[in-house]
Enquirer: 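First, the structure itself, so that you have it in front of you.
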Amino acid sequence: MTVKETKKGKTSKAESSSDDDVTLSRKTKKETKKPAPKKEDAKVKKEKEPEEDTMIKWWEEGTQHPGGQHWLTLEHNGVLFPPEYVPHGLPCHYKMEDGKLKEIKMEPDEEEVCTMFAVMREQTRPPSDYYINPIFRKNFFMDWLQILNSNPERNMKRFGSKQHPIRSLEKVNFDRIWEWHLEQKEIKKALTKEQKLQIKKEKDEAEQLYKYCIWDGKKQPVGNFRIEPPGLFRGRGKHPLMGKLKRRVKPEDITINIGPGAKVPEAPAGHKWKEVRTDNMVTWLANWTENVNGQGKYVMLAASSMVKGKSDHKKFENARKLGQMIDSIREKYREGWKSPDVGIQQRSVAMYFIDFLALRCGHEKGEDEAETFGACSLKCEHINLEEERDHVVFDFLGKDSIRYYNKVKVESKVWELLRKFVKGKTPNSDLFDRLIPTHLNSYLKELMPGLSAKVFRTYNASWTLDKEFFDDPVSDSISLPEKLVYFNAANTKVAILCNHQKSVGKGFQKAMTVLEDRLKMLKNLYSRLEDVKELSKKHKNNWQAKVDEQWEKDEHEQQQAWLEQYGTEEEKTAYKEKRAGKKPSKPKTTTATTTTKSSSSKPKEPEKKKSDPKPKTKREKKQMESDSDSDIPLAKKKKASKSAKGDDSGSDVPKKKSKKTKLEKRKAFESSEEDEPMKKKSKK
DNA sequence: GAGATTGACTCAGAAAAGTGTTA
DNA sequence: TTAACACTTTTCTGAGTCAATCT
């Protein structure tokens, strides 16, 4: 089998993102969109401008520069810096030895870093549960503390001691800053449409200068021309450096790469670039070294640019070439299993994994990186041969600390070799102790020029998608949504092969609860309607009265049960009073919708009497109905945090409220979601 | 029935984390 | 063999959009 033939010629955006099936699906969605509405038109128009410039048929041109040079002329306007920090001037509070809360005013440098952390309070769920993550907290605090103690004289003046009074993160209360953050969000949210448009317009205008460059005389879109703003490093998985301060990048950190004779972009007033160079052997326009991992960051062209298109094109051509040779390559690694050389055996089994399971190559990782693995770096503990013969269970963390768990049937010889490789080794030993990625890639180059481990992934992802389309061709007669379903199904196969996963969103659990509740409620309603049906059959003459009576009885029983378990005294009284003068409600199917909306299968709360203080807004009303730390709207959270202010523990870590709130009642009713680890779901 | 509100969904861009080559 | 460098791959995040629902 070969990589899809249609890939010849213009590489579509979808294809150009390698084995990235996500991009592939996005492309389809775009293509299958209905005739664009007004706003879409504007969007299309907006995008058209650069597209015209990039619609050069570079794949038909032989514009390859000699000696691996990427360009001959290059002009650009440099990079866009994030705005300077604007201090809010709010203090934090610190629980002193005597238990009293001391207000700590901060200098802008201290406040900026403090605020980075303080505003993360709501991010207490996977995958962004940084705020409560001990590693994150420790790293943040170490870096913050360094700033707090960076100026002993300043501290002496302010606190009468060279050392800053803040010594422990657990004793710091960030409530004021958190409230300010919520207010800012509300203010932003409350902006009118016009104001929002104006802000966007101004932003676009400021960016215009940096969006394009002139590459060999052609206008090309630049990708990440914005310099990454300072923040706390959000390492994934168990990254040991998560929470560390990512410093503000200054012009003095940046190297500009520009064509000979081109106008060098001016550094911001009062600053200068680290270096200005002309290097056409690389494609980046600017670079700097990020302080947390010490890695280089590059400003490069956008994915839609000519140079990236060419690169993608080359990649898929490579995969296609592999498709033509795959049989002989597979034969070679199978022969390798029989080699007397353990090194060759290991290499051949690793190749089998890379090909058969689409595993990544797996380079060695440093101590300051999250422990993740790939084919070459697998440890003995990552495979389990205890299962039935020829079956292997893989269980390890791959790129981005995404778990790879797979029980597969492998070829007998592979199973035997694996048993041999693990024999006498500790669980933490390298499975392939005689193999390093460089050697593997060198060998692959011998088999086919341009072949490396990752080409297998591109090839197999393409092949899988191709096979899906080939085995079950899409019918012309099906509708557009059906075509989308068809495509997504094929795409899912690729996602599974490549172990592409996405953590569930914040609202997933809540949405599921709502759906489950709705289902429960509908089932309950259905069963009651069945009863009514029976009743009406039984009492043919006075069925209406009987049905009313039965319905009222059911409603009352359910209401009573709910009040008994969760209701307050006021609610019980209100219900009693209401019932005293109430007529039986009729069984109406619309009741279902109303109850559903309140996202509960439980009986409705007693209706508010006319004299009851009515919530003015929907938000207020909702707040009365439910009050969840995780899903409450911001305004409610603000109130929640205000109430938490009285907590003299000093710590700002969200805690369960002492008073039993409706949320807790509801949580008691539903299953708790906080303690349950968030499951990952397949991307599609 | 109109306007407001809400929440789900989509998408693009940001940025982290890989791979592979070279000195 | 290793580290640096350059580039790709992949996930996360926030803004915008739209439809359902509420007032």
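Chain letters run A, B, ... following the sequence lines, proteins first and then strands; every chain starts at 1.
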Enquirer: Have a look at A/Lys314 and say if it touches a base, only the backbone sugar-phosphate, or nothing, with a 4.0 Å heavy-atom cut-off.
Expert: nothing
Enquirer: When you measure from the side-chain N and O atoms of A/Ser452 to the phosphate of B/dT19, is any distance below 4.0 Å, counting only OP1 and OP2?
Expert: no
Enquirer: Nearest heavy atom decides the nucleotide; on that basis, is A/Ile436 or A/Asn287 closer to the 5' end of DNA chain C?
Expert: A/Ile436
Enquirer: Can you check the A/Gln295 CD to C/dC7 P distance for me, whole Å?
Expert: 15 Å
Enquirer: Between A/His439 and A/Ser311, who's closer to the 5' end of DNA chain C by nearest nucleotide?
Expert: A/His439
Enquirer: Between B/dT19 atom C1' and A/Phe456 atom CZ, what is the distance in whole Å?
Expert: 15 Å
Enquirer: For B/dA17, take OP1 and OP2 only and decide whether either is under 4.0 Å from a side-chain N or O of A/Arg234.
Expert: no
Enquirer: Choose from C/dC7, B/dA16, C/dT10 the nucleotide whose nearest atom is closest to any side-chain atom of A/Arg457.
Expert: C/dT10
Enquirer: What contact category does A/Arg360 fall into here, base, sugar-phosphate, or nothing, at under 4.0 angstrom with non-hydrogen atoms?
Expert: sugar-phosphate
Enquirer: Considering just the side-chain nitrogens and oxygens of A/His70, establish if one lies under 4.0 Å of OP1 or OP2 belonging to C/dA6.
Expert: no
Enquirer: Under 4.0 Å between a side-chain N or O of A/Lys185 and OP1 or OP2 of C/dG14?
Expert: no
Enquirer: Side chains of A/Leu285 and A/Ile256: closer than 4.5 Å at any heavy-atom pair?
Expert: no
Enquirer: Please determine whether salt bridge (Lys or Arg N to Asp or Glu O under 4.0 Å) holds for the pair A/Glu317 and A/Lys314, giving the CA-CA distance in whole Å, both sets of side-chain angles, and the decisive distance to 0.1 Å.
Expert: CA-CA 5 Å; A/Glu317 283 305 315; A/Lys314 196 174 151 198; over 6 Å; no
Enquirer: Which nucleotide in the list C/dT11, B/dT21, B/dT19 gets nearest to the side chain of A/Cys361?
Expert: B/dT19
Enquirer: Which of these nucleotides, C/dA6, C/dT10, B/dT19, is closest to any side-chain atom of A/Lys399?
Expert: C/dT10
Enquirer: Look at the side chain of A/Pro229 and decide which nucleotide, out of B/dA15, C/dA6, B/dG18, has an atom nearest to it.
Expert: B/dA15
Enquirer: Got a donor-acceptor contact below 3.5 angstrom from the A/Asn280 side chain to the A/His70 backbone?
Expert: no
Enquirer: Taking only side-chain N and O atoms of A/His239, does any of them lie within less than 4.0 angstrom of OP1 or OP2 on B/dA17?
Expert: yes
Enquirer: Hey, does the side-chain of A/Lys454 have a donor or acceptor N/O within less than 3.5 Å of a partner on the base of C/dT9?
Expert: no
Enquirer: When we call it a touch if two heavy atoms are under 4.0 Å apart, what does A/Gly374 touch: a base, just sugar-phosphate, or nothing?
Expert: nothing
Enquirer: Closer than 4.0 Å, any side-chain N/O of A/Tyr298 to the OP1 or OP2 of C/dC7?
Expert: no
Enquirer: Is the shortest side-chain N/O distance from A/Lys297 to OP1 or OP2 of C/dC5 below 4.0 Å?
Expert: no
Enquirer: Measure CG/A/Asn499 against C1'/B/dG18 and give the value in whole Å, please.
Expert: 14 Å
Enquirer: For the side chain of A/Lys315, counting heavy atoms from C-beta on, which of B/dG18, C/dT9, B/dA17 is nearest?
Expert: C/dT9
Enquirer: Checking contacts here: which listed nucleotide (C/dA6, B/dG18, C/dA15) is nearest the side-chain heavy atoms of A/Val282?
Expert: C/dA6
Enquirer: Kindly assign one of parallel, tilted or perpendicular to the pair A/Phe394 and A/Phe353, based on the angle between their ring planes and the thresholds 30° and 60°.
Expert: perpendicular
Enquirer: Kindly assign one of parallel, tilted or perpendicular to the pair A/Phe117 and A/Phe136, based on the angle between their ring planes and the thresholds 30° and 60°.
Expert: parallel
Enquirer: Given the ring of A/Phe396, does A/Arg403 sit roughly above its face, with NZ or CZ under 6.0 Å from the centre of the six-membered ring and within 45° of the axis?
Expert: no
Enquirer: Over how many whole Å does the gap from A/Ile199 atom CD1 to C/dA15 atom P extend?
Expert: 11 Å
Enquirer: From C-beta outward on A/Asp400, which listed nucleotide comes closest to its side chain: B/dT21, C/dA6, C/dT11?
Expert: C/dT11
Enquirer: C/dT2 P sits how many Å from A/Lys365 NZ, rounded?
Expert: 17 Å
Enquirer: Provide, to the nearest angstrom, the distance between the CD atom belonging to A/Glu290 and the P atom belonging to B/dG18.
Expert: 14 Å
Enquirer: May I ask you to evaluate whether A/Thr438 reaches the phosphate of C/dT1, defined as a side-chain N or O under 4.0 Å from OP1 or OP2?
Expert: no
Enquirer: Regarding A/Lys365 and A/Glu371, does a basic nitrogen lie under 4.0 Å from an acidic carboxylate oxygen?
Expert: no
Enquirer: Rounded to whole angstroms, how far apart are NZ on A/Lys246 and C1' on B/dA16?
Expert: 9 Å
Enquirer: What's the CG-C1' distance between A/Asp279 and C/dA6, to the nearest Å?
Expert: 11 Å
Enquirer: Is A/Ala370 touching bases, backbone alone, or none of the nucleic acid, heavy atoms closer than 4.0 Å?
Expert: nothing
